[in-house]
Amino acid sequence: MAKQLFANVKSVLSGDTLVLTSQNNPSAERIFSLAFVTGPHLKREGDEPFAFQSRDFLRELIVGKAVQCTVLYTIPTSGKEYGVAQLKDGTQFPDELVKAGWLKVREDAGRKEESEEVLQRLETLRSLETQAKNEGKGLWEGVGGIIEVQNDASSLDINQWKGKPIDGIVERVLSGDRLLMRLKLSDKKHLQVMTLVAGIRAPSTERVNQSTGQTQPAEEFGNEARQFVEQRLLQRDVKVEIVGTSPQGQLIAAILHPRGSIAEFLLADGLARCNDFHSTLLGPKMAALRAAEKKAQGAKLRLHKDHVAKADGGSSSDMIVSKIQGADAIFVRTKNGTEKRINLSSVRGPRTNEPSEAPFRDEAKEYLRKKLIGKHVKVSIDGHRPASDDFEARDVATVTEKGKNINLMLVQDGWCSVIRHRKDDTDRAPNYDELLAAQEKAKEEQKGMWSGKPSKARSYVDVSESVQKAKIQLSTLSRQKKVPAIVDFCKAGSRFTILIPREGVKLTMVLAGVRAPRAPRLPQEKGEPFGQEALDLANRRCNQRDCEIDIHDIDKVGGFIGDLYLNRESFAKILVEEGLASVHQYSAEKAGNANELLAAEKRAKEGRKGLWQDWDPSQDEDAGEEAAEAPASNDAAPIDKRAADYREVVITNIDSNGRLKIQEVGKGTSALEVMMNEFKKFHLDSKNNKPLANPPKAGELVAAKFSADGQWYRARVRSNDRAAKVAEVVYIDYGNSEKIPWSSLRPLDQAQFTTQKLKAQATDAVLSFIQLPTAPDYFSDALNYIAEATDGRSLVASFDFVDTKEGLSYITLFDEKKPGTSSTFADSVNKDVVANGHAMVPKKLKAWERGRASEEVLKKLREVEAQAKADRLGMWEYGDITED
């Protein structure tokens, strides 16, 4: 008895064979062949004539529909079932195909059949076949029927078909986003190739690794995504819109069913994610896919079951750009004055480790600086990046200035690339697809870093590196007015690093006529009052800004002294007006801006701003007297009458350059003696045996163990050898120096031992009116003579001149007997050094040495110098070395 079954038609293999699925279990499949007939087959090596047409006739009638199948017989060896099928509307198979001429009745059909019902069916089929043959239908047409089928996507001219809808059939579904498509390019030519569904990435299905033979399990929801597509598209007519090809040469296309895009349906059901790599291929059409994905994320469907929704309309606020860190990172200042770092969403500046991008880093940063520095911008926070090993925690945001999207402009002009986010990364720019499209266009137009031709790297020569370089550059800059420049860095309220692009130089600049309090160099350090506020103002108003400068002079270390203008306004005046700098009247008058600065200072005092918060008008009278005296001590002009200034001193060290280290006997040395007793006790206590927490830094104050006596002293680190872990230190109270291991250093952070409690007691001095020889041997003899003449003696020094800029005192040394004000230099160490041929009277005198007050001294020294020459003493042993 014939067996009947009800099933759904999943697909059609040929005109005579169906693939059925159970109505209760779609994953259960069976092959069902139509009895008594045969048709042409589709084959890998080439289709038989009319094979596609035969199958296509059946496909259009039956795929996706419910059928009632009657199994008439089964082949015992293969288990293959043969029978007839009928649709709900009564259409019967194979009758309908034989009638249309797409199947032939087998010649051997019914030879051994005895059933009257079957024989009657065969007679009906042969009658239908004869009718089709007479009418020349289907296979009986006799000619044509051959369709050329290509399986190589490279044979297709993508540009010819891009954007044009092509009729196609989904032959096979490998996964939710990978289909085997038959594209009907013409009636006689088809292309059957693997095609990726544009705009999406679906989870993979279970598959067998061909190299190992192992079964690779499906990703979560991978099989569900494939079934979703099979139920809707397998062997259905669709429109195919090619948008491009993958790096592997596979077609990427939008698959359009009459009800819409399969990609949108998959995304809306949470069975796929948007594929960012296809965004530029789809253009504006990507927006619909993003919307479908967002809908599924909101409902937490399938792939998005663990999705954490981002707050709608992330915080947006108006801020001021205070610093450009790089092409993709800026610092902004909020309304309450706090500063924070912002990374631009979804974009990345040229990378240092990418040879093709690195040469464009400076250009990209300069592009952004010109666009944003000091500007009011709207910052829309798109997400937050937590801290990692390489990066601090930071916000990512879209920045707009006057309605212009800066992130987009950077990409459009080729100065930033677009970041490829992880599939689950929602901290991205809301216009991400627009950014990707802009990047592709910038690449096509070879803009910015995509040009492959970086501008010649701009290098700046540091002319403040040495006084000699500064002097050479000064001759050029001092002749120019309002030189265009850029403030590269603010070192203090009145000290800056300046770039001058047209000159190709970098210099340190000090504002003329003002003195700003010193800011702390490190967070844990304590600067002068209002030093940090002055630096903050400089950073807010000047850092990375375009400016103009006027240069007047240079200082002793190669810094340039001058005026800095922002939008034609003097920053020195701004600083003084805010009470964050005081006017140095003498240098202000020398620079020619005294009136402006004094007026600004007066306003600051009256407003009790900054430094002047406790200002008392009566103080100005005393300040005026001191200011009047200041030029006489600092200008080093010739002195006609010198005030006597004698002090008891001790020579504690003589440097290799000939400078003396002196201690003034009195309150300082008494306090030092008391401190050193306490210092010794402190370091003898094992509880205080605490090493430095970090490697010492140059300039850092430390406690150092002197190698000669094993005692601890206050010292300053001069230099460091990190490899050997050895530091060179200068003992600040005695002036000598040595190299010692880091293990012999301890922190000097105890309040009772700091330089604020007791200043460094060793100061620099040189002997007045004499010049030591330059020849190494004679110079060494001179130092030895001075050491012998001063060692262990109580001395009195006449302070002839104090150079406050250099921090250097010019002194005449006497023995223990303190001379009166009318005393000559007859008993001075200075005279003895010259008399023994270890020094000479300089030919070129300093300004302060040329006054009437020095005439008698110089006369006496020249007399003893002449006698030393005559006696061929010291440096004169071979005659007068100055005659040449």
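Throughout, residue positions are numbered sequentially from 1 according to the sequence presented. What you see below is based on every heavy atom in this structure, not just the backbone, and it leaves out hydrogens, waters and symmetry mates.
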Within the 3.5 Å criterion, strictly below it, is a donor on His421 or Arg428 matched to an acceptor on the partner's side chain? no
Does NZ or CZ of Arg232 lie under 6.0 Å from the centre of the six-membered ring of Phe228, at an angle within 45° of the ring axis? yes
Do Asn8 side-chain atoms and Gln23 backbone N/O form a donor-acceptor pair below 3.5 Å? no
According to the side-chain hydrogen bond (donor to acceptor under 3.5 Å, both in side chains) rule, which pairs have a member within residues 406-419, sequence neighbours left out? Tyr367-Asp413
Between His257 and Phe265, is the gap from one ring center to the other below 6.0 Å? no
Starting at OG1 of Thr280, measure out to NZ of Lys443 and round the result to the nearest 0.5 Å. 8.5 Å
Is there a donor-acceptor pair under 3.5 Å between the side chain of Glu357 and the backbone N or O of Arg351? yes
Between Lys295 and Asp269, does at least one N-O distance fall below 4.0 Å, as a salt bridge requires? no
Can you check side-chain hydrogen bond (donor to acceptor under 3.5 Å, both in side chains) on Asn25 and Ser27, steps first, answer last? CA-CA 5 Å; Asn25 181 13; Ser27 61; 2.7 Å; yes
One thing to verify: whether Lys10 and Glu230 come together as a salt bridge, which I'm taking to mean a side-chain N less than 4.0 angstrom from a carboxylate O. yes
So if I apply the salt bridge (Lys or Arg N to Asp or Glu O under 4.0 Å) rule between Glu241 and each of Lys285, Lys162, Lys164, which one comes out positive? Lys285
Would you mind listing every salt bridge (Lys or Arg N to Asp or Glu O under 4.0 Å) that reaches into residues 87-105, with sequence neighbours excluded? Asp95-Arg121
So, are Lys189 and Glu148 salt-bridged, with charged N and O less than 4.0 Å apart? no
Does a side-chain N-to-carboxylate-O contact under 4.0 Å join Arg290 and Asp276? yes
Carboxylate-amine/guanidinium proximity below 4.0 Å for Arg182 and Asp47: yes
Quiz question: by atom type and distance under 3.5 Å, do the side chains of Thr398 and Asp382 form a donor-acceptor pair? yes
Carboxylate-amine/guanidinium contact Arg59 Asp56, below 4.0 Å: yes
Does the pair Glu60/Arg236 count as a salt bridge with the N-to-O cut at 4.0 Å? no
Going by the salt bridge (Lys or Arg N to Asp or Glu O under 4.0 Å) test, which pairs reach into residues 202-218, not counting sequence neighbours? none
Regarding Arg126 and Glu107, does a basic nitrogen lie under 4.0 Å from an acidic carboxylate oxygen? no
Using modelled atom types only, decide if a donor and an acceptor are shared between the side chain of Ser346 and the backbone of Ala429 within a distance under 3.5 Å. yes
Write down the atom of Ala272, the atom of Leu303, and the distance for their closest heavy-atom approach. N-CD1, 3.4 Å
Side chain proximity check, Thr130 to Ser127, heavy atoms < 4.5 angstrom: no
Can we say Glu293 and Arg273 salt-bridge, meaning some charged N sits less than 4.0 Å from an Asp/Glu carboxylate O? no
Does Asn431 reach the main-chain N or O of Glu434 with its side chain, forming a donor-acceptor pair under 3.5 Å? no
